[in-house]
Amino acid sequence: MEHILHMKLDKLIEEASIKLHEPVHDTESLNRWKIQMFTFINTIAELQLPSSPQVSQEKPSLDPVDWLSARCVAHQMLDASLDHIQSIRDRPVWRPIPDDVRAALENEPLPEQGRSLSDVCRDVSTYVIPYASTNIHPRFFGWVMGAGTVGGVLADMIAATLNTNNGGGTHTASLVERTVVQWMRQLFGFPEARTGGILVSGTSMATVISMATARRRALENIRQDGLVGGPQLVAYASTEVHGCVAKAFALLGLGSKALQLVPVDDNFRIKVDELRMRIRSDRDKGRVPFCIIGNAGTVNTGAFDNLLELASIARAENIWFHVDGAFGSMVILDPQRQHLVAGIDQADSLAFDFHKWLHCPYDAGCVLIRNIAELEFTFSEHQSYLARTKQGCMGDEPWFCDLGPDLSRSFKALKVWFTLKEHGTVKLGQKIADNCEQAQYLVSLLEKHEHNIRIVRPISLNIVNFRFEPEELDKTDHELIDTFNEDIITNIQTSGIALPTSTHIHNRLCVRVAIVGHRTTCKDLEILVKTLLEFYQTRLLVHIRERE
């Protein structure tokens, strides 16, 4: 046995010596080199440990046997994580997953025997990190995703260390989450006396909670009686509303037919006169209007409904007023654009995300409810094993599990609290303003090519949609032009230079650029346009040749 260990040790030392002299070419290969060297060192150290019988008869825990080696691996992975962020510009925005990597991840059998911490970290560094989604990259323009921060990395690490279940009880996680909710109440101008809320995975879950609360107010006995035999509820939103609303209606048993989609005007805002007419018509048919949903920054174009007017209608009709503010609500931090959310303080419920324009690590969303009692009426369910006490660890009511569907809840609030304390609302608001100004700069670059590029207007925020319409092709052949634009988007994505996505505006496919990253500069937008035009010329030549 000792002979075999010596052979393994000699082989590892030989491999480590070869690796020591291996050249590195860039930051990414340097990171891989460091990880592999640390793996060799840790494995050699483990073999060097003298074998001796266990003195203690206690069964070992899941903690490391060798804490020194574990610390070494942990520090190495933290360094690799920070290197990944610091050198993000040196890597492609996106890269296809190679077949061997896909096979390694998808076909690996269920592990029966564990491997060393360093081995598992090596697999993460080899198979996971290089091909992950790169919304932290400055030229990631797909959808609306925050770019994360170093502080967020530390906050998530600390939260994982504490491993707190924040369903309720007396501990600092509860206090931090209540503080974050109160900060948001102040930010959005909700009343101090009654407002409450909770942190959730994102606006999708916040919407479910809000719609469930609105439904319970309309049907007080819904928790006992269910929907069977009750009145037909109906709610209203614009045709630009996010798909999470329809999902919430399906999940809550209301059905998609209960969501009336009202047309929008030329600015992609809900038509208020049409809304009023729909409400009157539904009441005449015996239906019960129970909710109006206003958009604070639509996902397609970043449009804002007139929240003040919607709030006024909701009050007059005694209807719940909900605002979907997934990312656009945070424009309240930008003094030049905060007028766009005028009336948001009148909402009965507000759903929004911290992992978008506040750049907290995924996932972190929030729901604010104007009257916290409405949440408790909707979700509170006391069990004997969760009995509250005035003293000890079972105090600090209300518990968060009484304000939403989850009893098991992670310490999401720490990364939000950390981000706000580290950067402050002024700096975060400035980054939001920067993105909106960058969108206008992108428009100025595209306008130089308006004979071949049609820009979708208005552009009220940080999202720019446009469509290549070459004079050399038949612009009335919408399917051809859709395919032409889709090919360009695919080309630039696979190039790894930049990552825009697509959407449909007026049933036409457009290139969609959402500028969210705090690392993005005007130079990045110049690179985007230059690369798009290069692929445009290439695709145009291909289409012309195919036509000939």
Side-chain angles (χ1 to χ4, degrees), residues 203-265 268-300 303-326 343-344 346-352 367-371 374-375 377-379 405:
T203 293
S204 294
M205 180 52 68
T207 301
V208 171
I209 291 172
S210 298
M211 293 303 99
T213 308
R215 183 189 63 173
R216 193 221 57 84
R217 194 176 76 165
L219 302 173
E220 290 188 3
N221 296 323
I222 182 70
R223 294 185 64 176
Q224 296 79 28
D225 300 339
L227 290 170
V228 178
Q232 185 178 355
L233 300 182
V234 62
Y236 310 88
S238 85
T239 52
E240 294 291 298
V241 75
H242 194 275
C244 72
V245 177
K247 283 187 177 183
F249 274 59
L251 185 63
L252 294 170
L254 295 167
S256 59
K257 291 182 179 179
L259 181 61
Q260 290 263 16
L261 297 180
V262 181
V264 295
D265 59 21
F268 303 101
R269 294 153 60 106
I270 190 170
K271 290 184 175 179
V272 176
D273 290 341
E274 176 74 15
L275 171 63
R276 289 193 176 98
M277 185 185 72
R278 294 277 185 102
I279 293 173
R280 287 196 300 271
S281 175
D282 284 327
R283 289 199 189 280
D284 291 343
K285 293 175 182 176
R287 298 168 183 159
V288 177
F290 82 103
C291 184
I292 295 173
I293 300 158
N295 291 311
T298 59
V299 67
N300 254 2
F304 289 78
D305 291 329
N306 187 328
L307 302 181
L308 277 172
E309 201 160 8
L310 294 184
S312 176
I313 295 172
R315 293 289 175 268
E317 296 284 349
N318 192 27
I319 297 175
W320 187 277
F321 179 39
H322 173 72
V323 174
D324 183 336
I344 202 168
Q346 300 301 309
D348 293 299
S349 57
L350 169 63
F352 59 97
V367 56
L368 280 183
I369 302 290
R370 192 172 194 83
N371 184 352
E374 300 281 8
L375 273 182
F377 291 150
T378 305
F379 293 104

Is any side-chain heavy atom of I270 closer than 4.5 Å to one of N295? no
Should L227 and L219 count as side-chain neighbours, where that means a heavy-atom distance under 4.5 Å? yes
Can you give me the closest heavy-atom contact between S210 and W320, atom names plus distance? O-NE1, 4.3 Å
How many angstroms lie between CG in L275 and CD1 in I319, if you round to the nearest 0.5 Å? 7.5 Å
Residue pair A218 / L233: nearest heavy atoms and the distance that separates them: CB-CD2, 4.2 Å
Just wondering, do R278 and P289 contact through their side chains at under 4.5 Å, heavy atoms? no
Residue set satisfying side chain to side chain contact (heavy atoms under 4.5 Å, CB included) with S281, at least two apart, ordered chain then number -> K285
What pairs with T298 under side-chain hydrogen bond (donor to acceptor under 3.5 Å, both in side chains), at least two apart in sequence or on another chain? T301
Closest heavy-atom contact between V323 and A347? CG2-CB, 3.7 Å
With sequence neighbours left out, the residues meeting side chain to side chain contact (heavy atoms under 4.5 Å, CB included) with A351 are T203, A206, T207, H322
Quick one: pull up CD1 in I222 and CG in L252 and give me the separation to the nearest 0.5 Å. 9.0 Å
Quick one: are M211 and L251 in side-chain contact, heavy atoms under 4.5 Å? no
List in chain and number order the residues that pass side-chain hydrogen bond (donor to acceptor under 3.5 Å, both in side chains) with Q232, two or more places apart in sequence or in another chain; answer none if no residue qualifies. none
Between K271 and V264, which heavy-atom pair has the shortest distance, and what is it? CE-O, 3.3 Å
Does the side chain of P405 reach to within under 4.5 Å of the side chain of V208, using non-hydrogen atoms? no
Would you call T213 and F379 a side-chain contact if the rule is heavy atoms closer than 4.5 Å? yes
Of all the heavy-atom pairs spanning A296 and L307, show the shortest one and how long it is. CB-CD1, 4.4 Å
Would you mind listing every side chain to side chain donor-acceptor pair (under 3.5 Å) that reaches into residues 220-229, with sequence neighbours excluded? R223-E381
So, taking the atom named CG in L310 and the one named CD1 in I292, what distance separates them when rounded to the nearest 0.5 Å? 6.5 Å
If you compare all heavy atoms of F321 against all heavy atoms of G343, which two are closest, and at what distance to 0.1 Å? CE2-O, 4.2 Å
For residues 208-217, which residue pairs pass the salt bridge (charged side-chain N to carboxylate O under 4.0 Å, His left out) check, not counting sequence neighbours? R216-E374
Can you list the residues that meet the ring pair (Phe, Tyr, Trp, His ring centres under 6.0 Å) rule with F268, with sequence neighbours excluded? H506
So CZ of R283 and CD of E317: to nearest 0.5 Å the spacing works out to 4.5 Å
Please identify each residue that fulfils salt bridge (Lys or Arg N to Asp or Glu O under 4.0 Å) with R276, with sequence neighbours left out. D273, E309
Mind checking side-chain hydrogen bond (donor to acceptor under 3.5 Å, both in side chains) for R269 and listing every partner two or more places apart, or none if nothing turns up? none
Applying ring pair (Phe, Tyr, Trp, His ring centres under 6.0 Å) to F304 and not counting sequence neighbours gives none
Sequence neighbours excluded, every pair satisfying side chain to side chain donor-acceptor pair (under 3.5 Å) that has a member inside residues 240-255: none
Pairwise side-chain contact, F290 with L254, heavy-atom cut-off 4.5 Å (strictly under): yes
Given side chain to side chain donor-acceptor pair (under 3.5 Å), test S238 with D305 step by step and report yes or no. CA-CA 9 Å; S238 85; D305 291 329; 4.6 Å; no
Which pairs count as salt bridge (charged side-chain N to carboxylate O under 4.0 Å, His left out) when at least one residue sits in residues 287-300, sequence neighbours excluded? D282-R287
Mind checking the CD1-OH spacing from I313 to Y236? Nearest 0.5 Å is all I need. 11.0 Å
Would you give the length of the straight line joining atom CD1 of I279 to atom CG of D284, rounded to the nearest 0.5 angstrom? 12.0 Å
